[in-house]
Amino acid sequence: MGPGPENQPERQDFLREMVQRDLAEGRVDKVVTRFPPEPNGYLHIGHAKSICLNFGIARDFDGQCNLRMDDTNPTKEDVEYVDSITADVKWLIAGWADHCLGLKPVGCLAERREIGGHEDYHIVPVMGAEEGREALEPFYASDYFEPLYQFALELIRKGKAYVDDHSAEELDAMRGAPDRPGRESDYRERPVAENLDLFQRMRAGEFPDGARTLRAKIDMQSPNLWLRDPVLYRIRHVPHHHTGDEWCIYPMYDFAHGLSDYIEGVTHSLCTLEFEVHRPLYDWILDALELPRTHPRQREFARLNVTHTVMSKRKLLRLVQEGFVRGWDDPRMPTISGMRRRGYPAEAIRAFCDRIGVAKRENMVELGLLEHFVRDDLNRRAPRAMAVLRPLRVVIENYPDGQDEEMELINNPEDPGAGTRRVPFSNVVYIEQDDFREVPPPKYHRLSPGVEVRLRSAYLITCTGVVKDPQTGEVVEVRASYDPATRGGDTPDGRKVKSTIHWVSAQHAVDAEVRLYETLFAMEDPDDVPEGRDFTEGLNPSSLEILPGCKLEPSLASAVPGAPVQFERLGYFCADTEDSRPGAPVFNRTVTLKDAWARIERKQG
RNA sequence: UGCCCGAUGGUGUAACGGUAGCACGGCUGACUCUGGAUCAGUUAGUCGAGGUUCGAAUCCUCGUCGGGCAGCCA
């Protein structure tokens, strides 16, 4: 895992460098980061990068990372998302940064106190590792609505915020443009007492949605749009998933975020690049309130993009709602729950995030890199088994009909401790259709007429003929003879065969459905669509292929859903956690094995 | 035509004024009872032009290209 603070390399990335500097200079004495998703969708691989970053930094510096729902917009949020986000975060960091996870006792609110004459609110996290002793939950920005409201009143008292009666359209028109200054509101010089009264009545529910807003009084001439008297509060007479109907005014992101960070004692607030222009406002709010404790420091990094997929929650939501996928956890989705269901280990996702690093430039990481870490992890851990996805019957003519025997197979050549298992063999076996060619192309080493191959850990067989469908001419059965001296796959005379193929005894086979996945989108960058075209047009029509009637070796009948297994020569698979049933297993292909033959074939055209 | 940020092999990321490195991918080959894994080799990069300096990916200037910003979204 990652290095501890002692053997920390001089630089790992620009953010860790900053944290290290802050520590060295005594600006902070304990590192507190946070992961603040809005519960309006499921977490995806882009969030995984942020989680690994925020928890990774907390871990490297013996700090903590709070999980916080950034839930200031009740119209878009839902508890379903709160639950999935919490589960996904815990799953991703399990066994790695559990001890850094900051949560709070259920229902716990920020504590009010006074420091040097200044009103202050503070909440201290309970570390997630202590869960069990008491019921814990994530932090919620909505739990700070009261402190936030008090801070807003304070801002009004300081003459730094005012209630504005202009409509959204008017505000729009008055904001100006990037290259044109804005115009000051007609209500900008409203007396403090009137602002106080109006804002309290906003809270009391006296005005309809949109009638008024609370705005910061900053600078309508600023070249930075976010400093042109930004809206701090809006009126929304809608219930909130966490606070019920206690509130009808809701704080905006910019007002809530920095103050939430402050209330939790966050030292480093790391977010994506698009918030860089908000940073002056983030700092302005903290400074304007003259908050007595150390201010959190916002820094930005580039969000992750991965080829062949989309990352925006809006687009992912459309894929779900419009039925292009089977849900947020569809194994084709780049969501954490989708990847989990598909069989990606958390360790592999973390290794990926570690490898891609963090910087400020726009990036597009190849999906292949993620797959590399999935294979790398699974190669070491996944037990092997034999499964035939597209069965072709092979009859071994000189093997006694009705006889069977058990072969001993190694469970994992990468892990001697994994032991062996026994697999039944008989005179009729299934092999992969791909493993037989009546007319072998150049460099094809598998079974074809007259050619000898090894049935893995069983016997060497030679193809003696084929049986064809008289109608279609298609090969429906292969005839073969075996060499009894090669039991276990060994050749007493030392002769070599070019190929070893997998097999499943027909009479012992377990039937299963296997789901093969390809990339969700055919093109590298699905966001790069011509004007007027929709990104869904780029969906890969063969992203899901369902194979019924696959033949599995008997040991696979009791596969634990979610547990990885390698189907030899094919890839890594896992029984589906939703749809697999005892006696009717359903497997997902997590990722293929690297396939040298496929490359040769491609080159041959 | 405003402000902010960025630019290193195909991709991602290091090098903080002193040998352009690592990983993935690609290509060769070795080995192999998985055409997997493993091993060895190889391919390929500092956006451009000036300047500072003994020395520049790094500092400065001007360009070029890319991204972000005009929600009562986050």
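Scope of the values below: all heavy atoms of this structure, side chains included, with no hydrogens, waters or symmetry mates. Chain letters run A, B, ... following the sequence lines, proteins first, then strands; residues in each count from 1.
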Tell me what [X] touches on the nucleic acid: a base, only sugar-phosphate, or nothing, going by heavy atoms under 4.0 Å.
{"X": "A:Glu568", "answer": "base"}
{"X": "A:Tyr250", "answer": "nothing"}
{"X": "A:Pro36", "answer": "nothing"}
{"X": "A:Ser167", "answer": "base"}

Is there a side-chain polar atom (N or O) of [X] under 4.0 Å from OP1 or OP2 of [N]?
{"X": "A:Lys594", "N": "B:rA37", "value": "yes"}
{"X": "A:Lys603", "N": "B:rC27", "value": "yes"}
{"X": "A:Arg361", "N": "B:rU13", "value": "yes"}
{"X": "A:Thr307", "N": "B:rU11", "value": "no"}
{"X": "A:Arg279", "N": "B:rG68", "value": "no"}
{"X": "A:Arg569", "N": "B:rG35", "value": "yes"}
{"X": "A:Arg175", "N": "B:rG71", "value": "yes"}
{"X": "A:Arg234", "N": "B:rC73", "value": "yes"}

Does [X] pair with [Y] as a salt bridge, N-O distance under 4.0 Å?
{"X": "A:Asp595", "Y": "A:Arg599", "result": "no"}
{"X": "A:Arg380", "Y": "A:Asp415", "result": "no"}
{"X": "A:Asp229", "Y": "A:Arg175", "result": "no"}

Discussion item. Ring centres within less than 5.5 Å and planes less than 30° apart: is that true of A:His445 and B:rG35 in this structure?
Written reply: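 Stack criterion met.
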
Worksheet item: Is there ring stacking between A:Trp597 and B:rG35, where the centres must be under 5.5 angstrom apart and the planes under 30 degrees?
Response: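 Taking the rule of under 5.5 Å and under 30°, the ring of A:Trp597 does stack on B:rG35.
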
Discussion item. Does A:Arg183, at its CZ atom, have more than 12 non-hydrogen atoms belonging to other residues, nucleotides or ligands within less than 6.0 Å?
Written reply: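 Open: at most 12 neighbouring heavy atoms sit under 6.0 Å from CZ of A:Arg183.
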
Item to complete: Select from A:Leu369 and A:Ser499 the residue whose nearest nucleotide in RNA chain B is closer to the 5' end of that strand.
Response: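 Between the two, 5'-proximity favours A:Leu369.
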
Worksheet item: Under 3.5 Å, is there an N or O donor on one side and an acceptor on the other linking the side chain of A:Glu362 and the base of B:rG12?
Response: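 No.
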
Worksheet item: Ignoring hydrogens and geometry, is there a side-chain-to-backbone donor-acceptor pair from A:Asp490 to A:Pro492 under 3.5 Å?
Response: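 Pair absent, no side-chain N/O of A:Asp490 close to backbone of A:Pro492.
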
Discussion item. Tell me which one of A:Tyr250, A:Trp247, A:Tyr140 satisfies side chain to side chain contact (heavy atoms under 4.5 Å, CB included) with A:His240.
Written reply: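 Testing each of A:Tyr250, A:Trp247, A:Tyr140 against A:His240, the sole residue satisfying side chain to side chain contact (heavy atoms under 4.5 Å, CB included) is A:Tyr250.
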
Fill in: Runs of at least three Watson-Crick or G-U pairs with RNA chain B, cut-off 3.5 Å
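Stems (3+ consecutive pairs) listed as B:2-7 with B:64-69, B:10-13 with B:21-24, B:25-30 with B:38-43, B:47-51 with B:59-63.
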
Worksheet item: What is the glycosidic conformation of B:rG71: syn, defined as within 90° of 0, or anti?
Response: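 This nucleotide is in syn.
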
